[in-house]
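See structure below.
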Amino acid sequence: ERLMPPQEPISLGGTEDGEEWVMAMQWNPDNKYQVLSFANGIETIDHGTHVEGFQSVLTTIMTKYARQDHIGILTEKDTNFEASDVRSGLGVIISVKIKEPQFQGQTKGKLGNDTTKALVRQGFNAQFWDWMQEHPTEIKAILTKAVNEMRMRKKLAEMAEKERAKTGDGDAIAPRSQPLPAKLSDCESKDRK
């Protein structure tokens, strides 16, 4: 099933103690996950705590929503979503304005403020939950895409496991249909000659 993105990007944000966060996010039909992040107008190419803030709750909150009885997307027998399932096709732009940014690295490409992570995590958790409640059609399409990604991931893992078992690679032990010829059988000797 092909997901058509919502007409408008999802816009979230808030201010607390003089610090501000804003973000826009949208799921697209492809499976690419893209994040553009900024702190005080500086692009943080290696992201940082503001990105970690929403990522730390995104998978959990979407799994929780999908498990609700009246939604019926995930049942008791289904496993929880993994991050790759819900991030597939997601594009995010996030920006924070904070009093004392702590950048990491020579290029200042990563934000390191733990308070910023908490600010974004708490705000995103509450606001995205509300958005899902208010947009049942859009979130159902997004969750359906995540379920399809989860099924595809599991199918690929099963196929890879079968292939490893066939070839004898990895941890799996390949079943032998015929004994090895004598010249190829395992040997063990304590004689150095």
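Note that the structure is a prediction, hence the values are computed from the model and not measured.
With hydrophobic clusters built from ILVMFWY side chains whose heavy atoms lie under 4.5 angstrom apart, V92 shares a cluster with V57.
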Exercise. Determine, step by step, whether S84 and E149 satisfy the side chain to side chain contact (heavy atoms under 4.5 Å, CB included) criterion, reporting the C-alpha distance in whole Å, the side-chain angles of both residues, the deciding distance to 0.1 Å, and the verdict.
Key: CA-CA 8 Å; S84 62; E149 291 295 328; over 6 Å; no

Quiz item: After noting the C-alpha distance and the side-chain angles of E19 and K99, does the key distance pass the salt bridge (charged side-chain N to carboxylate O under 4.0 Å, His left out) rule?
Solution: CA-CA 7 Å; E19 298 193 328; K99 295 173 188 168; 5.6 Å; no

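Side-chain atoms of L111 and P101, non-hydrogen and from C-beta on, do get closer than 4.5 Å to each other. Between K110 and F103 the shortest side-chain heavy-atom distance does not fall below 4.5 Å. Using a 4.5 Å heavy-atom cutoff, the side chains of F38 and I94 are not in contact. Side-chain contact between L12 and V22 is absent, with no heavy-atom pair separated by less than 4.5 Å. Using a 4.5 Å heavy-atom threshold, the side chains of L90 and L58 count as touching. Two residues are said to be in side-chain contact when any heavy atoms from C-beta on lie closer than 4.5 Å; K145 and S88 meet this criterion. At least one side-chain heavy atom of H50 sits under 4.5 Å from a side-chain heavy atom of T116. The shortest side-chain heavy-atom distance between R87 and Q55 falls under the 4.5 Å cut-off.
For the residue pair H47/S37, the side-chain donor-acceptor check at 3.5 Å is satisfied. Remark: the T79 side chain and the K154 side chain contain an N/O donor-acceptor pair separated by less than 3.5 Å.
The aromatic rings of W27 and F128 lie parallel to each other, their planes meeting at an angle below 30°, with 60° marking the opposite boundary.
Using a cut-off of 4.0 Å between Lys/Arg side-chain N and Asp/Glu carboxylate O, R164 and E161 are scored as salt-bridged.
Residues passing the salt bridge (charged side-chain N to carboxylate O under 4.0 Å, His left out) test with R67, sequence neighbours excluded: none.
Each of Q127, E134, Q133, H135 was checked for a side-chain hydrogen bond (donor to acceptor under 3.5 Å, both in side chains) with W131, and the lone residue meeting it is H135.
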